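A short write-up of the structure that comes next.
Treat the numbers as computed from the prediction; the structure is a model and nothing was measured.
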Amino acid sequence: MAVASMHLGVWSWSRQSPELQTECQNGKERGLSNFEHGMVVGARRAGLSISQSAQLLGFSRTTISRVYKEWCEKGKTSIMRQSCGRKCLVDARAQRRMGRLIQADRRATLTEITTRYNRGMQQSICEATTRTTLRRMGYNSRRPHRVPLISTTNRKK
């Protein structure tokens with residue numbers, strides 16, 4: 001996993017294996033699909049109670065009542081969540097570019113990576129954004145181990 005270098009005092013970037021990355025992004029679990037929303041609304045419209053619908057479809061009573069309430073009040077049957085927060089400055093294409101920058105120089109510092117990235121871009125990003133993007137991509141910075149230098153007698157042996 002971590003790239004150890006003999007050079008002292010230099011950071012190196014290493015990438016985690018995909019198995020170590022979390023399956024659940026942003027701490028949110030998988031929601032119901034559009035089809036499952038339609039099944040819940042259909043079961044309730046067919047005259048089944050909340051408990052009967054929950055038992056038939058395998059969802060909790062709270063989920064059944066929430067989905068049906070949304071449909072009654074808003075006519076909403078899709079899982080379109082309202083987007084909130086700031087839009088991400090680094091899209092998939094920019095992530096690939098940043099990955100190429102790291103592959104070119106694994107020992108580059110965060111400041112160097114940020115300045116190299118900002119050279120060719122219209123909209124510049126800060127170091128915190130670079131750090132967040134690299135962590136999202138699975139890269140972590142590591143300090144190399146301190147290794148004693150090989151003496152001339154050991155080199156001859």
Side-chain angles (χ1 to χ4, degrees), residues 1-5 11-145:
M1 264 196 289
V3 176
S5 68
W11 290 90
S12 63
W13 294 93
S14 64
R15 188 164 191 174
Q16 288 180 346
S17 62
E19 297 86 34
L20 295 178
Q21 293 179 355
T22 57
E23 295 176 9
C24 176
Q25 295 288 331
N26 299 330
K28 295 179 182 176
E29 294 183 15
R30 180 190 72 84
L32 298 180
S33 66
N34 289 338
F35 180 73
E36 291 168 335
H37 273 257
M39 286 176 51
V40 168
V41 171
R44 292 289 289 137
R45 293 277 315 236
L48 295 176
S49 68
I50 294 174
S51 298
Q52 291 171 337
S53 301
Q55 189 175 17
L56 177 70
L57 300 173
F59 303 128
S60 67
R61 295 179 72 240
T62 307
T63 303
I64 300 291
S65 61
R66 179 185 52 81
V67 169
Y68 189 65
K69 182 180 176 185
E70 283 178 357
W71 181 80
C72 289
E73 291 176 356
K74 303 173 188 173
K76 179 180 169 185
T77 58
S78 67
I79 57 171
M80 295 289 290
R81 288 186 178 162
Q82 184 178 5
S83 60
C84 58
R86 183 175 178 170
K87 301 295 181 204
C88 189
L89 294 174
V90 183
D91 58 350
R93 183 178 180 189
Q95 282 184 3
R96 289 192 301 271
R97 183 171 181 262
M98 197 174 289
R100 286 192 300 272
L101 288 173
I102 291 176
Q103 293 299 325
D105 185 11
R106 299 287 284 208
R107 293 181 178 176
T109 63
L110 191 66
T111 308
E112 292 171 356
I113 292 170
T114 306
T115 53
R116 288 176 191 165
Y117 177 83
N118 287 336
R119 258 185 227 147
M121 302 300 283
Q122 290 178 338
Q123 189 174 18
S124 62
I125 61 173
C126 64
E127 290 182 14
T129 305
T130 305
R131 184 183 301 112
T132 305
T133 304
L134 292 175
R135 290 239 172 93
R136 193 176 299 137
M137 291 169 61
Y139 287 100
N140 290 315
S141 60
R142 298 280 188 253
R143 277 286 213 185
H145 292 284

Expected list for residues 58-65: side-chain donor-acceptor pairs under 3.5 angstrom, two or more places apart:
unit_1	atom_1	unit_2	atom_2	d
Ser60	OG	Thr63	N	3.2
Ser60	OG	Thr63	OG1	2.8
Arg61	NE	Ser51	OG	3.1
Ser65	OG	Arg61	O	3.2
Ser65	OG	Thr62	O	2.9

pair Glu73-Glu70: side-chain heavy atoms closer than 4.5 Å | no

Evaluate the side-chain proximity of Arg96 to Arg93: yes if any heavy-atom separation is below 4.5 Å, no if none is.
-> yes

Look at atom CD of Gln55 and say whether more than 12 heavy atoms of other residues, nucleotides or ligands are closer to it than 6.0 Å.
-> no

List the atom of Asn118, the atom of Ser124, and the distance in Å for their closest heavy-atom pair.
-> OD1-CA, 3.3 Å

Minimum heavy-atom distance Thr114-Ile125, with the two atoms named = CG2-O, 3.5 Å

Donor-acceptor pair, [X] side chain versus [Y] backbone, under 3.5 Å?
{"X": "Arg97", "Y": "Tyr117", "value": "yes"}
{"X": "Asn140", "Y": "Arg135", "value": "no"}
{"X": "Glu36", "Y": "Ser33", "value": "yes"}
{"X": "Thr115", "Y": "Thr111", "value": "yes"}

Start with the C-alpha distance between Ser49 and Gln52, add both sets of side-chain angles, then the distance that settles side chain to side chain contact (heavy atoms under 4.5 Å, CB included), and finish with yes or no.
-> CA-CA 5 Å; Ser49 68; Gln52 291 171 337; 3.2 Å; yes

Taking only residues two or more places apart in sequence, or in another chain, which ones meet Arg116 in a salt bridge (charged side-chain N to carboxylate O under 4.0 Å, His left out)?
-> Asp105

Check whether the side chains of Thr133 and Gln95 place a donor and an acceptor atom closer than 3.5 Å, and report yes or no.
-> no

Show your working on side chain to side chain contact (heavy atoms under 4.5 Å, CB included) between Arg136 and Cys88 and close with a plain yes or no.
-> CA-CA 12 Å; Arg136 193 176 299 137; Cys88 189; 3.7 Å; yes

Separation of Thr132 OG1 from Met137 CE (nearest 0.5 Å) | 12.5 Å

Carefully, step by step, assess Trp71 and His37 under the rule side chain to side chain contact (heavy atoms under 4.5 Å, CB included).
-> CA-CA 9 Å; Trp71 181 80; His37 273 257; over 6 Å; no

Please report the C-alpha distance between Arg44 and Ile50 in whole Å, then the side-chain angles of each, then the deciding distance to 0.1 Å, and finally whether the side chain to side chain contact (heavy atoms under 4.5 Å, CB included) criterion is met.
-> CA-CA 7 Å; Arg44 292 289 289 137; Ile50 294 174; 3.8 Å; yes

